[in-house]
Amino acid sequence: MASRKFFVGGNWKCNGTGEDVKKIVTVLNEAEVPSEDVVEVVVSPPFVFLQQVKGLLRPDFSVAAQNCWVRKGGAFTGEISAEMLVNLQVPWVILGHSERRALLEKLSDWTNVVLAYEPVWAIGTGKVATPAQAQEVHDGLRKWLQSNVSPAVAESTRIIYGGSVNGGNCKVLAAQPDVDGFLVGGASLKPEFVDIIKSATVKSSSA
Ligand code: PGA
């Protein structure tokens, strides 16, 4: 189990101004967090702030876009293509968030995929899944990967939980064997995001 590095994503959604971005990044840059061997941290600002955040953010954290266009570029007003993200060296993208109901194309390569389980009733509601509920679904997803993709992909793919994760509930969730990290919305805009990052140590000490 120790082979899956804990992953914490901050989904800023449609929030913030240039000033807010600077404040959030300052908090993150000054935070003492476990090393990169223990936790991978990725924050996802709105598109318009991606470059700013990328420029200011500490080098051990990275950025994600909140969506991208399913096809190649062209005459698609308002869309952002995957090629553009690659060109700007944005290494991650959130796809298929329930707030968008986007398409997820069939995958042939799982190497760089992190799977997020986010019960819709828990997103932005303050109602978090119990550790047992999260574990049950993550275990089910891993078994699904095992039978439908491969045992190796099931073992190595990080399955993260999202939905009202905060500084108070992250540790008990992180202690579940199949919870490999979090996708955090509301709390990723606040200093408690640092506590969520630190919950990775629960995993490394129990591994
Ligand atoms: P929340 O959002 O943490 O505010 O519930 C999670 C998400 O939608 O990714």
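Heavy-atom basis, side chains included; hydrogens, waters and symmetry copies ignored. Bear in mind that the values here come from a model prediction, so they are computed numbers and not experimental data. Note that ligands are numbered from 1 as they come in the structure, with each ligand's atoms numbered from 1 the same way.
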- For the residue pair His138 and Tyr117, categorise the inter-ring angle as parallel (less than 30°), tilted (30 to 60°) or perpendicular (more than 60°).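 It falls in the perpendicular class, over 60°.
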Pairing residues for Glu136 by the salt bridge (charged side-chain N to carboxylate O under 4.0 Å, His left out) criterion, not counting sequence neighbours: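 Glu136 satisfies salt bridge (charged side-chain N to carboxylate O under 4.0 Å, His left out) with no other residue.
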Residues at least two apart in sequence or cross-chain that pass salt bridge (charged side-chain N to carboxylate O under 4.0 Å, His left out) with Glu118, listed by chain then number, are none
Return a table of N or O atom pairs, ligand 1 on one side and protein on the other, at distances under 3.5 Å, rounded to 0.1 Å.
from	atom 1	to	atom 2	distance (Å)
ligand 1	2 (O)	Lys13	NZ	3.2
ligand 1	3 (O)	Ser164	N	3.4
ligand 1	3 (O)	Gly185	N	2.8
ligand 1	4 (O)	Gly186	N	2.9
ligand 1	5 (O)	Gly124	N	2.7
ligand 1	5 (O)	Ser164	N	2.7
ligand 1	8 (O)	Lys13	NZ	2.7
ligand 1	8 (O)	His97	NE2	2.8
ligand 1	9 (O)	Asn11	ND2	3.4
ligand 1	9 (O)	His97	NE2	3.4
ligand 1	9 (O)	Glu118	OE1	3.4
ligand 1	9 (O)	Glu118	OE2	2.7

Quick check: closest heavy atoms across Pro45 and Ala64, and the distance to 0.1 Å?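 So the minimum-distance heavy-atom pair works out to CD-O, 3.7 Å.
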Could I get the full list of ring pair (Phe, Tyr, Trp, His ring centres under 6.0 Å) partners for Phe6, not counting sequence neighbours?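 Partners of Phe6 under the ring pair (Phe, Tyr, Trp, His ring centres under 6.0 Å) test: Phe182.
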Does a donor on one side chain sit under 3.5 Å from an acceptor on the other, for Asn29 and Thr26?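 There is no such pair (donor and acceptor under 3.5 Å, judged by atom type) between the side chains of Asn29 and Thr26.
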